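Working notes for the structure below.
Since the model is a prediction, treat every value here as computed from it, not as a measurement.
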Amino acid sequence: MPLHRLFLFLLAMTAALSAEGRAEPLVIAHRGASAHLPEHTLAAYRRAIADGADYIEPDLVATRDGVLVARHENEIGGTTDVAQRPEFAERKRTQVIDGETVEGWFTEDFTLAELKTLRVRERVPGLRGTAHDGRHEIATLDEIIALASEQAVCTGRTVGLIPEIKHPSHFQQIGLPMEHRLLEVLAAHAYTREAPVVIQSFEQTNLRALRGRLGPSHPNIRLLQLLEVPDRQPGDALAAGDPTRYADLMTPAGLRDIAGYAEIIGPWTRLLMPLSEDGTLGTPTPLAADARAAGLEIWPYTFRPENHFLPPALREGDDPGTRSDAGSVEEIRAYLALGIGGFFTDDPALGRRAVDAR
């Protein structure tokens, strides 16, 4: 076996053995170290790994020529400088995505070469500033995998990937399905043929199809069903005229159904532990216990350090943009007490601190 393949094999086996008897929850870098650098950039992923992330998360959308790139949404007016680029002014349009009318510029209207001319901007500048705007390109999935592989060698530890397929029904409808392409890219890299990969989606249809395609021949790839607020509908349900809501997925019967095609659920944090009227974390809901009873792991999203995102009782001062590192760690540790197996955070260093302090 070539030395690089042997190294990847040993890393993967170490990760598998660690996960099997793991006492420590996994720290997942939500779009990279996005509390510090613009999300979904190679710089944000590199920092996340340096800060101790076990997994890095690229949200995936497709270009017009079918390349998978990392963006929070396929609408890029708020996260790139495309609105300031006169050569692309005529590309602005309006379309309906998952039942919502969206205006802007969309990745599916650009080739990869065109997207590479754009520069990334901070998605929430009011909270995180604009100091890093204009410094980074849009990253492809291939580039992110190459970075993870490189950093695994540099750090001597496995860095997992947890890609999210964004708006899968929409991309299916416009002739740019991402599922097959994602599996092709994963198979094309020696690293992702061995390292742990978790594919996530807010929809069910594509995860069921992926389960059928993966079978037993890809033991390093697992599936995660994301869960939103109860009264919302998954995009595939909307497209099919199906009345299913996330509330239906979170019943004991719904969770048992999920366990038939996925290993993990990814609920919004407040679905596990809502806020009380006094601004503290309230009584846990039955969701965690019901999910475990169905045989599912629980990896909630998203922990962020700014006051704006924290429970009022854990904030520092009144400025929404002020960071409360201690408050964020305390919030994470309250959820760790529920027995979660991993969690998404915009600041992996704080996530690492919360886990290591246990």
Side-chain angles (χ1 to χ4, degrees), residues 4-5 7-34 39-42 44-60 68 70 139-165 182-183 185-201 207 210 214 218-226 262-266 296-303 336 340-349 351-352 354-356:
H4 77 282
R5 291 297 308 279
F7 177 74
L8 288 175
F9 174 77
L10 291 174
L11 276 180
M13 291 304 297
T14 300
L17 290 171
S18 175
E20 185 177 338
R22 174 181 289 274
E24 293 186 350
L26 295 161
V27 178
I28 303 165
H30 185 243
R31 311 172 194 164
S34 47
E39 62 192 32
H40 293 311
T41 58
L42 293 180
Y45 293 124
R46 185 177 288 107
R47 172 155 183 174
I49 295 167
D51 285 349
D54 297 302
Y55 278 77
I56 54 175
E57 182 208 31
D59 290 344
L60 299 179
L68 300 183
T140 67
L141 177 59
D142 288 291
E143 290 169 338
I144 294 165
I145 294 172
L147 173 68
S149 176
E150 165 201 300
Q151 291 300 303
V153 173
C154 292
T155 62
R157 64 184 182 87
T158 303
V159 180
L161 268 82
I162 182 164
E164 179 190 342
I165 301 173
L182 171 56
L183 295 184
V185 174
L186 294 176
H189 292 265
Y191 186 75
T192 43
R193 291 197 296 268
E194 304 284 353
V197 175
V198 176
I199 300 174
Q200 35 169 354
S201 175
L207 290 181
L210 282 167
L214 291 169
H218 298 79
N220 66 312
I221 302 177
R222 298 197 291 166
L223 303 180
L224 182 152
Q225 177 67 64
L226 290 163
E263 293 85 359
I264 312 160
I265 59 166
L296 293 162
E297 294 185 44
I298 308 154
W299 298 6
Y301 66 91
T302 303
F303 296 100
L336 292 177
I340 60 176
F343 60 93
F344 295 79
T345 174
D346 282 8
D347 196 322
R352 185 86 269 150
V355 170
D356 292 347

Nearest 0.5 Å, what's the [atom1]-[atom2] distance between [X] and [Y]?
X: Asp59; Y: Leu141; atom1: CG; atom2: CG; answer: 11.5 Å
X: Thr41; Y: Arg47; atom1: OG1; atom2: CZ; answer: 11.5 Å
X: Ile145; Y: His189; atom1: CD1; atom2: NE2; answer: 4.5 Å
X: Ile199; Y: Ile165; atom1: CD1; atom2: CD1; answer: 6.0 Å

So if I apply the salt bridge (charged side-chain N to carboxylate O under 4.0 Å, His left out) rule between Arg352 and each of Asp347, Asp51, Asp54, which one comes out positive?
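It is Asp54, the one option of Asp347, Asp51, Asp54 that forms the salt bridge (charged side-chain N to carboxylate O under 4.0 Å, His left out) with Arg352.
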
Examine distances only and state if a side-chain atom of Glu297 and a backbone atom of Ile265 form a donor-acceptor pair shorter than 3.5 Å.
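A pair under 3.5 Å: no.
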
Any donor-acceptor pair under 3.5 Å from Ser34 side chain to His30 backbone
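Checking the backbone N and O of His30 against the side chain of Ser34, a donor-acceptor pair under 3.5 Å is found.
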
Any side-chain heavy atom of [X] sitting closer than 4.5 Å to one from [Y]?
X: Tyr191; Y: Thr158; result: yes
X: Leu226; Y: Tyr301; result: yes
X: Leu223; Y: Val198; result: no
X: Asp356; Y: Glu24; result: yes
X: Leu161; Y: Tyr55; result: no

Taking only residues two or more places apart in sequence, or in another chain, which ones meet [X] in a salt bridge (charged side-chain N to carboxylate O under 4.0 Å, His left out)?
X: Arg46; value: none
X: Glu39; value: Arg31, Arg123
X: Asp346; value: Arg128, Arg304

Are Leu224 and Ile162 close enough, and set up right, to give a side-chain contact (heavy atoms from CB on, under 4.5 Å), and what steps lead you there?
CA-CA 9 Å; Leu224 182 152; Ile162 182 164; 4.2 Å; yes

side-chain hydrogen bond (donor to acceptor under 3.5 Å, both in side chains) against Asn220, all qualifying residues, sequence neighbours excluded:
none

Closest approach of [X] to [Y] (non-hydrogen atoms, all atoms of both residues):
X: Ala148; Y: Ile56; answer: CB-CD1, 4.3 Å
X: Gly342; Y: Pro300; answer: O-CD, 3.1 Å
X: Ala33; Y: Pro348; answer: CA-CD, 3.9 Å

Working for side-chain contact (heavy atoms from CB on, under 4.5 Å), residues Phe343 and Ile298:
CA-CA 8 Å; Phe343 60 93; Ile298 308 154; over 6 Å; no

Residues in side-chain contact (heavy atoms from CB on, under 4.5 Å) contact with Ala139, at least two apart in sequence or another chain
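So Ala139 forms a side-chain contact (heavy atoms from CB on, under 4.5 Å) with Leu42, Glu143, Ile144.
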
Go through it in stages, so that I can follow the logic: the residues are Glu57 and Gln200, the test is side-chain contact (heavy atoms from CB on, under 4.5 Å), and I'd like the CA-CA distance, side-chain angles, deciding distance and then a yes or no.
CA-CA 10 Å; Glu57 182 208 31; Gln200 35 169 354; 2.8 Å; yes

Quick one: list whatever passes ring pair (Phe, Tyr, Trp, His ring centres under 6.0 Å) with Phe344, sequence neighbours left out.
none

Taking it one step at a time, do Leu296 and Ile264 satisfy side-chain contact (heavy atoms from CB on, under 4.5 Å)?
CA-CA 5 Å; Leu296 293 162; Ile264 312 160; 6.0 Å; no

